[in-house]
Amino acid sequence: MSDGGDLVELAKRRGFFLQSAGAYGGVSGFYTFGPSGAALKQNIEDTWRDRFAIQEGNMEVDAPTVMPEPVFEASGHLDGFDDMLVECPECAESHRADHIVEDNTDIEEAESIPVAEVEELIAEYELVCPTCGTGLAGQAIEDFNLMFETNIGPGSADPGYLRPETAQGIFIEFPQLAEYARNQLPFGVTQIGRAYRNEISPRKSLLRVREFTQAELELFVDPEEDEPDLAAVTDVTAPFYPAREQEAADGQPYEATIREVVDDGVVGKPWIAYYLGVAKQWYESIGVDMDRFRFRQHLSGERAHYAADCWDAEAEVDGDWIELGGFAYRSDYDLSKHDSYSDEEFTVFKQYDEPVTVERATVDPDMSYLGPEFGGSAGAVADALEALAERDPDAFDGSEVVVEVDGESHAVPVEKTDFGVEEVTESGEHITPHVVEPSLGIDRALYTALDHSYREDEVDGEERTYLALPQEVAPTTVGVFPLMDRDGMGEYARDLVEELRAAGLAVTYDDSGAIGRRYRRQDEVGTPFCVTVDYATLGEARDDEGEPAAPDTVTVRERDTTAQKRVPVADLPETLRALRDGERTFDDL
RNA sequence: GCGCCGUUGGUCCAGUGGUAGGACAUUAGCUUCCCAAGCUAAUAGCCCGGGUUCAAUUCCCGGACGGCGCACCA
C-alpha cells in the first residue's frame with residue numbers, strides 16, 4: 001500500500017534496512033538490516049522454520065557459502081550461469097551472444113560452446129546486432145558469470161564460488177543425509193542461508209540484490225510410491241494462474257482449492273500442490289496480502305528442461321508482480337548430476353516387498369586370450385562384452401560374438417568369454433529419488449510483508465502511519481510507557497519491562513516525549529501492543545487504610561484500532577503472550 | 001552494461017561562484033498528560049576524485065550511489 005519511496009524512507013528511518021557501506025559511497029545490491037529489520041527477518045525465518053521444517057518433520061542443515069568449483073560444474077552453474085555478452089560497436093547495446101547464434105543458425109545450445117568458437121561463428125555467419133543491424137564480427141565476447149569467484153587457500157589453483165543458491169549444499173551431502181534419514185523415503189532437508197549472485201544491475205531496493213537469504217526445502221521422494229497427505233491443505237484456497245490462462249487471450253487468475261487444482265490436473269504434481277497450500281498459509285501469516293498474491297505456473301518456454309512442473313509464488317508490489325518463491329518438481333536431475341560427477345552414489349536402496357529371482361547373463365572374459373589378441377584395447381573389449389551380455393544375451397548364441405570398441409569391430413570366440421546365465425536373487429534396487437523443491441526468498445517476503453502492511457489513516461484528525469504486521473512477526477511485540485516519568489510511574493514501568501522480557505516477550509521501553517508521540521513511534525515499526533502505566537495503576541496499588549488493594553491494572557492499546565483496555569498487571573505476561581501467539585484476540589480481553 | 005534524471009543534517013526539501021536555510025525527527029530544560037500540542041536551547045549536512053577559478057556545494061569532466069527505461073534475471 002506504500003508507493004515504494006515512502007516505504008524505503010520509513011525502512012531507513014526506522015531501522016528496517018539500509019544500503020550497506022554508505023560511509024564509503026555505498027555499494028550496489030547490498031543491504032544491512034537494521035534493528036527492526038533484523039528482528040523482523042529473524043521472526044519470519046522462525047515461522048518458516050516452524051512450518052517447513054519442524055511441523056513437517058524435515059531436517060535442517062547449515063552448509064558453507066563457499067563451495068569448490070567441481071560442485072558447480074556438476075550443478076551446471078558454471079556453464080549455465082555464464083552469460084556471453086557481445087556489445088554492438090555502433091549502438092552499444094549488449095546482447096547475449098549465444099542467443100544471437102541460436103536465433104540465426106541451426107545451432108542449438110550455443111550456451112555450451114566455448115567463447116572463442118562463438119566469436120568465430122558470429123564472423124562466419126556474418127551475424128548482426130539485433131537492434132541496429134550492424135555487423136558483430138570481430139567484437140569481443142565478454143564472458144560474464146553471475147557467480148562471485150574466490151580462491152580457496154593461497155594461489156589460484158583451487159577456485160571456489162559463493163553459492164548462487166543454497167540448494168547445492170543439500171544435494172552434495174545427500175549420501176550422508178540419506179543415512180541420517182535411515183535411507184527411508186520420503187525425507188526432506190531444509191536450509192536457510194545466504195546466497196550470492198553478481199547481478200549486472202541490482203534494482204528496486206531489497207527486491208534485486210547481490211546477497212540475499214533463501215529458505216529452501218529439498219524433499220526427496222520415491223517417484224513411484226510416495227504421495228503427499230493432502231488432508232491438511234485440501235481446503236486451502238489461493239489464486240492460481242496456470243500457463244493455459246496466461247496464454248489465453250482473456251485468461252485470468254482464479255481462486256481454487258488445493259483439492260480442485262489437484263483433481264482437475266492444473267497442478268500436475270500433488271507434492272507441488274501440497275507445498276503451494278503450505279506456502280499460501282505461511283505467506284498469509286507473515287503479512288502478505290492475499291488480494292495481491294497468486295501462484296503462477298511457468299510457461300513451457302521458461303521452465304528448466306528437467307522441471308516437470310514449476311510454479312512461482314508472486315506478489316504485487318508497487319504495481320509489479322514479483323517472484324517470491326519457486327516450487328519446482330526437479331525429478332532426479334540434481335542427484336543424477338552429482339552421482340555422475342562425484343565419487344559417491346546419490347541413490348537409496350529400495351527393498352522389494354518380496355525378493356525377486358532373475359536370470360542374469362554374465363561374462364568372465366579370458367584375459368589371457370584377450371590381452372595378446374587385442375593389446376591395449378583388451379580392457380575395453382572386456383567391458384563391451386559385459387555390457388553386451390546385459391543388453392543382448394542372445395548375441396552369445398553363436399560361436400563368435402562381435403563388439404565395437406572405438407568404432408572398430410572385434411570378434412571374440414564365445415568360448416573365451418565364459419558366457420553364462422545364472423539365477424540371481426535381488427532383494428531391491430538402487431533408485432534415484434526425485435526432488436520437490438519449494439525455494440523462497442526471505443528478503444522479498446520481508447519487503448512484501450512491509451509493503452502490504454503499510455497503512456496511513458487518521459486518528460483524531462492527525463495523520464498516522466503504521467505497519468499492520470502480524471503480531472507473530474512484528475519486530476517488537478510490546479511497547480511499555482509510563483504516562484510520565486514521575487511519581488513512581490517510570491520505576492513501575494521499568495520493572496514491568498523486566499518482567500515481560502523474562503516472560504519471553506520482545507519489549508521496548510519509552511518515556512520520551514508525550515504519550516501520543518510514543519504510540520506513533522511504535523506504530524511505525526509495527527509494534528502490535530502498547531502498555532501504559534498511569535496514575536490509576538499506582539492509585540490502585542497504593543490503596544491503603546485497611547481497604548483491600550485492588551489489583552494493579554495498566555492500559556493495553558491495540559495498534560490497528562488504537563483501542564485501549566485495562567488489564568490486571570498480574571495477568572499481563574500471559575495475556576500478551578497469548579495475544580502474540582494468536583491464542584486470544586484483543587476483542588476477547 | 002547503455003540512455004535519461006538525480007545526490008544538500010537522521011529523514012524530506014530549499015538555495016548559492018565567496019562553504020548554507022527550513023520542516024520533521026533526535027537530545028536537554030520548562031510545561032502538558034492516553035494518541036505526532038507549546039516554549040527555549042542543543043546536536044547535525046553540500047557523495048567522491050580531477051579540472052576551470054583568487055575562490056567550487058554551485059560550472060565542466062570522470063567515478064560511486066539511487067530512480068526510471070533498455071538489456072539481463074540459470
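Just so you know, these numbers come straight off a predicted model, no measurement behind them. Every chain is numbered from 1 and lettered A, B, ... according to where its sequence line falls, protein lines coming before strand lines.
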Counting side-chain heavy atoms from CB outward, which of [options] is closest to [X]?
| X | options | answer |
| --- | --- | --- |
| A:Arg203 | B:C73, B:C70, B:U11 | B:C70 |
| A:Ser512 | B:U11, B:A71, B:U27 | B:U27 |
| A:Arg208 | B:C65, B:U11, B:A71 | B:A71 |

Next on the checklist: For A:Arg330 and A:Asp309: C-alpha separation, side-chain torsions, deciding distance, then whether salt bridge (charged side-chain N to carboxylate O under 4.0 Å, His left out) applies.
Outcome noted: CA-CA 8 Å; A:Arg330 300 178 63 97; A:Asp309 197 5; over 6 Å; no
Checklist entry - Where along nucleotides 30-41 of chain B does protein come under 4.0 Å, by heavy atom, of base (B) or sugar-phosphate alone (S), with - for untouched nucleotides? => result ---BBBBS----
Checklist entry - Would you say A:Lys12 has more than 12 foreign heavy atoms packed within less than 6.0 Å of its NZ? => result no
Checklist entry - If you count the non-hydrogen atoms of other residues, nucleotides and ligands that lie under 6.0 Å from CD in A:Glu463, is the total more than 12? => result no
Checklist entry - Starting at CD of A:Glu9 and ending at C1' of B:C13, how long is that distance when rounded to a whole Å? => result 12 Å
Under 3.5 Å donor-acceptor pairs involving side-chain atoms of residues 161-169 of chain A, not counting sequence neighbours:
unit_1   : atom_1 : unit_2   : atom_2 : d
A:Tyr161 : OH     : A:Glu69  : OE2    : 2.9
A:Arg163 : NE     : A:Arg194 : O      : 2.6
A:Arg163 : NH1    : A:Ala63  : O      : 3.3
A:Arg163 : NH1    : A:Pro64  : O      : 3.3
A:Arg163 : NH1    : A:Gln191 : OE1    : 3.3
A:Arg163 : NH2    : A:Arg194 : O      : 3.0
A:Glu165 : OE2    : A:Gln168 : NE2    : 2.8
A:Thr166 : OG1    : A:Glu216 : OE1    : 2.4
A:Gln168 : OE1    : A:His338 : NE2    : 2.8

Checklist entry - Is A:Asp511 paired with A:Arg494 through a side-chain N to carboxylate O contact shorter than 4.0 Å? => result yes
Next on the checklist: With salt bridge (Lys or Arg N to Asp or Glu O under 4.0 Å) as the test, pick out the partner of A:Asp523 among A:Arg464, A:Arg14, A:Arg559.
Outcome noted: A:Arg464
Item to check | N/O (side chain, A:Lys12) to phosphate O (OP1/OP2, B:C12) under 4.0 Å | outcome: no
Item to check | Derivation and outcome, ring pair (Phe, Tyr, Trp, His ring centres under 6.0 Å), residues A:Phe174 and A:Phe220 | outcome: CA-CA 9 Å; A:Phe174 176 82; A:Phe220 300 101; 4.9 Å; yes
Checklist entry - Quick one: stems for RNA chain B, with Watson-Crick or G-U pairs under 3.5 Å, at least three in a row? => result B:1-7 with B:64-70, B:10-13 with B:21-24, B:26-30 with B:38-42, B:47-51 with B:59-63
Checklist entry - Passes salt bridge (charged side-chain N to carboxylate O under 4.0 Å, His left out), A:Asp510 versus A:Arg517? Steps please. => result CA-CA 10 Å; A:Asp510 191 356; A:Arg517 178 182 297 262; over 6 Å; no
